[in-house]
Protein chains: 2
Amino acid sequence: MSLVILIEDESRMRSLLDIQKQLVPDLIHIMRKRYDLMQSIRYLQPVGRRALAQNLQTTERILRAEVDLLKDWGLIHVSPIGMSCTEEGLQLLSNMESMADELFGFSDLAIQLERLLHINKVIVVAGDMDVSEWGKKELGRVGAALLKLHAEEDDVIAITGGSTIAAVSEHLTPSPHFRGVQFVPGRGGLGEKVELQANTLASIFAAKTGAQYRLLHVPDRLGPDAVQSLMGEEQVSEVLQLLKRSRVIMHGIGDAVAMAKRRKYTDLEISELTELGAVGEAFGYYFNAAGEIVHRMPTIGITLDNVRQADVVLSLAGGSSKAKAIMSFAKQSCQTVLITDEGAARAIVGQFRQARHPDAQLL
Amino acid sequence: MSLVILIEDESRMRSLLDIQKQLVPDLIHIMRKRYDLMQSIRYLQPVGRRALAQNLQTTERILRAEVDLLKDWGLIHVSPIGMSCTEEGLQLLSNMESMADELFGFSDLAIQLERLLHINKVIVVAGDMDVSEWGKKELGRVGAALLKLHAEEDDVIAITGGSTIAAVSEHLTPSPHFRGVQFVPGRGGLGEKVELQANTLASIFAAKTGAQYRLLHVPDRLGPDAVQSLMGEEQVSEVLQLLKRSRVIMHGIGDAVAMAKRRKYTDLEISELTELGAVGEAFGYYFNAAGEIVHRMPTIGITLDNVRQADVVLSLAGGSSKAKAIMSFAKQSCQTVLITDEGAARAIVGQFRQARHPDAQLL
DNA sequence: TAGTCCGGGACACTTGGTGTCCCTGGTAAT
DNA sequence: ATTACCAGGGACACCAAGTGTCCCGGACTA
């Protein structure tokens with residue numbers, strides 16, 4: 001019963017938060033800033049403006065505006081000896097602590113991941129795709145927003161297949177940013193369901209955004225000679241040229257075994273893969289935990305070198321089961337933005353914790 | 001059990017809202033504006049910018065900024081034939097409907113009350129003082145904020161006693177607005193507990209805000225001759241002069257019978273009061289439902305005429321049981337701002353509904 | 001007493017929001 | 001088919017609010 005309460009409880013607050021995230025998206029950032037400010041004041045009180053500004057890495061004037069507001073709502077008290085929290089402000093802080101994780105935990109997680117994985121930018125959304133459906137929705141929403149953010153006129157944007165990328169397509173809307181854009185599938189068929197294939201998604205992306213698309217018609221599981229002959233095909237080589245100069249790339253990261261099964265590898269092949277230590281997959285490459293390529297799908301399309309040359313690489317993967325896969329792909333160092341969910345993020349942090357000695361508590 | 005869920009649920013969302021109201025107070029207004037905008041679009045779709053701007057009483061440009069945002073988050077869709085809600089936007093609207101009452105209902109209530117009671121400005125806060133303790137806290141918080149808002153240097157501010165005004169005192173903080181201000185009790189002792197008397201509160205208000213205060217030392221229950229002689233006292237007449245020119249007045253409104261009981265009226269006197277139809281009390285005056293004065297405490301202090309001459313009258317009363325009392329005092333037409341809570345507000349609206357014929361559904 | 005902190009005031013500057021206009025394109029009615 | 005109207009989008013000048021920066025009077029401390 002208490003579980004029922006918790007779920008109901010969570011869901012209602014979550015839904016309020018969801019609404020606010022859609023209607024007033026920067027709310028959380030503002031709240032976070034004010035919260036940090038209050039906490040700093042509590043910690044340093046009584047403290048002066050200048051010292052505080054330095055502590056919070058901001059300018060004196062901008063801090064002053066915030067302080068004036070907080071003073072007006074009676075959350076802090078200013079006096080000639082410095083600023084301090086009022087009773088009410090302290091109350092507020094303690095009330096927030098119980099919610100801080102849900103409100104801000106994700107950005108903390110994101111910063112942790114940026115450090116642990118050596119990735120420029122990590123975005124963590126709420127939820128866990130392994131557990132709940134709306135986790136994938138949220139990931140799709142944020143992914144779509146970022147794609148729009150980075151897209152520029154006449155760009156070539158390469159995308160891969162997979163259910164995560166499909167989720168993005170549901171949240172795309174037309175925008176002038178997509179004018180003249182061409183969506184190009186990073187790979188031909190990879191033996192998956194058609195609605196999750198890169199070709200299909202490229203056309204959906206184009207339809208939703210009002211952009212153009214190209215298709216890469218190559219069967220999966222090619223023999224080496226077939227690869228050569230297909231490369232000669234004009235239709236194919238043209239697309240490969242486009243992929244080579246794609247400026248933005250959006251792709252999913254898969255769990256090695258799960259992907260292999262989905263692509264109907266034989267049991268023998270799968271056991272070979274696991275023997276090689278494959279844990280992650282992206283663009284048809286399979287990586288081990290060290291990030292080394294241990295296997296490559298026998299087909300043609302975008303190469304890791306192409307990916308490394310792109311300006312923007314949006315990597316999407318969510319769900320705690322994807323933790324190791326994400327970690328293996330992060331080693332490729334061809335990644336500018338990782339978009340993941342809380343479940344995967346916590347699992348990754350957990351992996352790192354486990355890897356260290358138990359006494360390594362700090363940092 | 002479902003009740004338990006509801007309460008838990010409510011409280012958690014409420015606490016999030018409370019936090020946001022303290023940390024980002026204008027958030028709700030922004031949400032409300034966007035919500036109205038979305039609803040208008042849904043209602044009028046497909047609709048153009050100019051038509052919409054006219055409908056929403058705003059300029060074209062400012063609406064355009066909002067529309068651009070909503071378009072970017074994918075909540076609305078813009079096309080050459082006009083704007084319309086996307087699937088996601090419709091989803092959001094329906095999600096919000098279940099919460100709209102809690103989020104915005106109060107301002108709607110406030111507008112209704114302004115019309116029904118013919119009061120310039122009504123503010124409705126969440127909760128019901130009769131039911132929950134935090135209702136009074138909220139009322140006090142808002143009351144304190146409004147007092148600070150209206151206070152000006154060297155003002156004379158008259159206040160009365162009562163638990164509601166006492167609640168205000170707990171949320172007062174020093175501010176330059178209160179420089180040179182004098183807090184003056186509107187009445188001497190009225191036979192209540194000392195911590196709720198106007199004298200006590202005046203001193204607390206002064207202490208909390210860093211202002212000055214005066215005291216009005218007159219016993220309650222004076223005979224007519226004692227009144228005359230006291231009026232002659234210099235200490236007393238001086239305070240009465242101050243009261244006469246008080247620019248801001250903050251007072252509570254009481255239920256007639258409850259106040260009489262608290263002031264230890266005899267059963268006979270109380271039944272006389274009820275026979276006279278007394279329902280409301282303020283400043284020691286007792287009013288019937290029509291707003292006529294049916295009884296007056298035999299003591300001296302601020303008069304209704306003084307109140308009518310004030311620039312700002314902040315009337316506070318909360319709890320559904322206060323509905324009739326608030327309505328009776330509203331008839332005095334010496335009121336600029338009424339601060340009440342959801343419970344009282346809904347009860348008042350209910351009273352008006354009941355008073356009409358059942359077929360009077362519109363308006 | 002001198003130095004160093006405090007908050008608050010002042011002021012110029014810049015940026016972003018805003019009012020206003022026009023343009024092109026699509027739709028619908030003639 | 002043509003025309004007239006309304007759609008969204010672009011442009012641009014303008015104003016105000018936010019911002020960087022400096023200084024001042026006061027209080028505490030060494």
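Below, read A as the first sequence line, B as the second, and so on, with proteins coming before strands; counting in each chain starts at 1.
Checking dG19(C), dT19(D), dC6(C) against the side-chain heavy atoms of Thr59(B) singles out dG19(C) as nearest. Closest contact between the side chain of Arg64(A) and the listed nucleotides dC22(C), dA10(C), dG19(C) involves dA10(C).
When the C1' atom of dT4(C) is taken as reference, atom CZ of Arg50(A) falls 11 Å away, rounded to whole Å. The separation between Gln54(B) atom CD and dG19(C) atom P is 16 Å, rounded to whole Å. One interatomic measurement links the two molecules: CZ of Arg49(B) to P of dT18(C), which rounds to 14 Å at whole-angstrom precision. Between the NE2 atom of His177(B) and the P atom of dG8(C) there is a distance of 12 Å, rounded to whole Å. A straight line from CG of Leu52(B) to P of dG9(D) spans 14 Å, rounded to a whole angstrom. Whole-Å rounding puts the Asp68(A) CG to dG18(D) P distance at 11 Å. One interatomic measurement links the two molecules: CG of Leu63(A) to P of dG18(D), which rounds to 16 Å at whole-angstrom precision.
The pair Asp36(A)-Lys33(A) does not meet the salt-bridge criterion, since no charged nitrogen lies less than 4.0 angstrom from a carboxylate oxygen. One finds a salt bridge joining Glu97(A) and Arg42(A) here, because a Lys/Arg side-chain nitrogen approaches an Asp/Glu carboxylate oxygen to under 4.0 Å. In this structure, Lys21(A) pairs ionically with Glu138(A), as a charged nitrogen and a carboxylate oxygen lie closer than 4.0 Å. By the 4.0 Å N-to-carboxylate-O rule, Asp155(A) lies too far from Arg179(A) to be salt-bridged with it.
Looking at heavy-atom distances under 4.0 Å, Ala65(A) makes no contact with the nucleic acid at all. Val67(B) comes within 4.0 angstrom of nothing in the nucleic acid, heavy atoms only.
Proximity of a side-chain donor or acceptor of Glu114(B) to a complementary backbone N or O of Ile119(B) within less than 3.5 Å is not detected.
A 6.0 Å sphere centred on CD of Gln39(B) holds more than 12 heavy atoms belonging to other residues, nucleotides or ligands. Atom OH of Tyr35(B) has more than 12 neighbouring heavy atoms from other residues, nucleotides or ligands inside a 6.0 Å radius.
Nearer the 5' end of DNA chain C, as judged by each residue's closest nucleotide, is the contact made by Arg179(B), out of Arg61(B) and Arg179(B). Residue Gly48(A) is the one, among Glu60(B) and Gly48(A), whose nearest nucleotide of DNA chain C lies closer to the 5' end (criterion: closest heavy atom).
Using a 4.0 Å cut-off on heavy atoms, none of the residues of residues 69-81 of chain A approach DNA chain D. Residues of residues 22-33 of chain A that place a heavy atom closer than 4.0 Å to DNA chain C do not occur.
Ring to ring, Phe183(B) and Phe205(B) are close: their centroids are under 6.0 angstrom apart.
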Carefully, step by step, assess Leu314(B) and Leu338(B) under the rule side chain to side chain contact (heavy atoms under 4.5 Å, CB included).
CA-CA 6 Å; Leu314(B) 303 170; Leu338(B) 169 67; over 6 Å; no
